Asker: 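I am attaching a structure below and will ask some questions about it afterwards.
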Amino acid sequence: MNVTGPYCSQRRTFSFCLVLISFLPGFQLAAQETRKARPGAPFELNRRVARNQDVAGIVQEIDARNIERMIRKLVSFGTRNTLSTQADPNRGIGAARDWLYSEFLKAAENSSGRMTVEKQAYEQQKSARIPAPTVITNVVATLKGSQAESQNRIYVVSGHYDSMCGSPTDGKCDAPGANDDASGTAAVVEMARVMAKYEFDATIVFMAVAGEEQSLLGSTYYAEQAKQKGANVEAMFTNDIIGNTLGGNGVRDRRTVRVFSEGVPSSETPEEATVRHSVGGENDSASRQLARFIKEIGEGYVPHMKVTMVFRRDRYGRGGDHIPFLERGFAAVRFTEPNEDFRHQHQNVRTENGIKYGDLPEFVDYPYVANVARVNAANLAMLALAPARPKNVVILTARLSNDTDLKWDANEEADLAGYEIVWRETTAPVWTNSRSVGNVTSYTVKGLSKDNVFFGVRSIDKQGNRSPASFPRPLGRTAPAARP
Ligand SMILES: [Zn+2]
């Protein structure tokens, strides 16, 4: 069968072809043989790599039954409102906190000491949804990377374990929060359980935060601490409301997950805005590159799932735990189910006119939550295995030319193989073209003008793992008035 014909012409990116090819019988075997036959083969232009067997193993090990058990357990605490009791061992957010801590500790047992677990607590002063000073605790499991040059590079995946009924300040009412957000929390704990056994170059942080319904308090605290410490948080995923597949609109969709990413960075400076006004880039923030990466990898490793990129920070009038990260200059995205049912979010549990309201376990689609966890896990694994995205990527603008001159800093990783230039039409949502250029730190794309397409640069290691793309900033004149 000819798979390189209409689908895999050189105008398509690698992963699009990979998805197609991976459906063919014998693909994995053939790919393995290629790798065995050519140990340590030198980096080649446009060499296609096999699926990473470890990542495929992680995807396979994620278990919907664990996720269901954990969601039901979280619901069993009655309420997890941030203002609920923290001293009762059976009810309230304190009981949920301690149970999550013990689950992460169990996961860490299989990590040969690489995973550490902590309760990150602080006292939140009175604020709009906090009537009296309240301790807020994030439960944080850190799986340390094994590569010296990469272990300071951090990927955070999070869900919020607090819940609410109709009122965010009611700490007494039942607030099962099965979907919002026991679903995201359980997905994160299951990822920790599976991934703790594997080694990655970079560090992965699995986190359950509190105070989300009180204005993103727990995630704000973590992000602010990270910023103050100068931590290199390369990407953050929040999983919030990832369990319902029957929308209030009547649409049943078990195969789609939405990934929200902002275009213009929340942290953009006036100087950066001036550059963007001049040459574009409103569709090329680090978070948007992350969303493109997630779509490629997620659909490549979990082919029955579709990643729908939504090019906005979040839904209308809504927010999530990725926002405090964005505001501090970290790339971050939000995962959410495709069609929400608002009868089952932030509602007092009740039946009215024959309609059941409340965020109950019976409305959660557990195999679907597992699939969203698989999309997350494949991406975290690939990000933490791949080299850092190239730094300080610039497009030289000093000479007027129909060629494009790109330049970047050399990566530090010992297993780096080289770099890849990607590009797309300025109106295209995803990278459509790529060219491997070897282990160099500058490259001229002949006959392709920077005026007509967008460029990016990715780094690749010797196993063929690719970083997300870095979008170049112009070096030289950019102001529209510079040259008429
Ligand atoms: Zn939520």
Side-chain angles (χ1 to χ4, degrees), residues 67 70-71 74-75 77 79-84 93 96-97 100 124 128-130 136-139 156-171 173-189 191 206-223 236-245 247-248 257-261 310 312-326 332-349 357-361 363-365 368-369 372-373 376:
I67 286 172
M70 290 190 278
I71 290 173
L74 285 163
V75 170
F77 298 118
T79 173
R80 305 184 308 279
N81 187 292
T82 297
L83 305 173
S84 64
I93 194 163
R97 170 201 64 207
L100 285 165
Q124 172 64 43
R129 290 182 171 192
I130 299 281
I136 290 184
T137 306
N138 301 327
V139 190
V156 178
V157 62
S158 135
H160 71 86
Y161 72 96
D162 64 309
S163 65
M164 63 178 275
C165 60
S167 156
T169 51
D170 186 339
C173 60
D174 276 347
N179 190 22
D180 185 12
D181 183 33
S183 65
T185 305
V188 169
V189 178
M191 283 184 248
F206 304 88
M207 178 160 77
V209 299
E212 197 272 352
E213 305 291 9
Q214 268 68 28
S215 300
L216 317 174
L217 297 176
S219 55
T220 298
Y221 186 75
Y222 181 94
M236 185 274 189
F237 301 173
T238 186
N239 284 273
D240 196 353
I241 312 181
I242 57 163
N244 169 59
T245 54
V257 61
R258 288 183 290 173
V259 173
F260 288 84
S261 66
V310 183
R312 54 167 54 103
R313 187 167 77 169
D314 209 324
R315 303 145 304 152
Y316 277 89
R318 319 278 297 282
D321 288 318
H322 56 315
I323 293 176
F325 286 80
L326 295 170
V333 296
R334 175 195 183 109
F335 288 79
T336 299
E337 68 202 23
N339 299 286
E340 293 174 74
D341 188 336
F342 304 107
R343 294 171 299 188
H344 305 141
Q345 292 178 20
H346 302 186
Q347 296 280 358
N348 290 1
V349 179
Y357 291 85
D359 191 352
L360 295 163
F363 301 120
V364 174
D365 183 335
Y368 173 79
V369 180
V372 177
N376 272 261

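One-based numbering, in listed order, for ligands and for the atoms of each. Quantities reported herein were computed from a predicted structural model and do not represent experimental measurements. Values below: all heavy atoms of this structure, side chains included; hydrogens, waters and symmetry mates excluded.
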Asker: I'd like to know if the side chain of R97 and the backbone of I136 have a donor-acceptor N/O pair within less than 3.5 Å.
Answerer: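 Absent.
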
Asker: Answer yes or no: is there an ion pair linking E340 with R258, defined by an N-O contact shorter than 4.0 Å?
Answerer: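 So E340 pairs with R258 through a salt bridge.
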
Asker: For a side chain to side chain contact (heavy atoms under 4.5 Å, CB included) check, start with the C-alpha distance between R313 and R334, then their side-chain angles and the critical distance, and finish with the verdict.
Answerer: CA-CA 8 Å; R313 187 167 77 169; R334 175 195 183 109; over 6 Å; no

Asker: Given side chains that start at C-beta, do those of D162 and Q214 come closer than 4.5 Å, heavy atoms only?
Answerer: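 With C-beta onward as the side chain, the pair touches.
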
Asker: Under the 3.5 angstrom rule, does the side chain of N81 hit a backbone N or O of P168 as a donor-acceptor pair?
Answerer: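 Yes; judged by distance alone, with no hydrogens or angles, the pair exists.
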
Asker: With no hydrogens and no angle check, do the side chains of N179 and E337 hold a donor and an acceptor under 3.5 Å apart?
Answerer: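 Distance-only check passes for N179 and E337.
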
Asker: Give every protein N, O or S atom lying under 2.8 Å from the Zn ion (ligand 1), naming each by residue and atom.
Answerer: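 Those protein N, O or S atoms (cut-off: under 2.8 Å from the Zn ion (ligand 1)) are H160 NE2, D180 OD1, D240 OD1, D240 OD2.
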
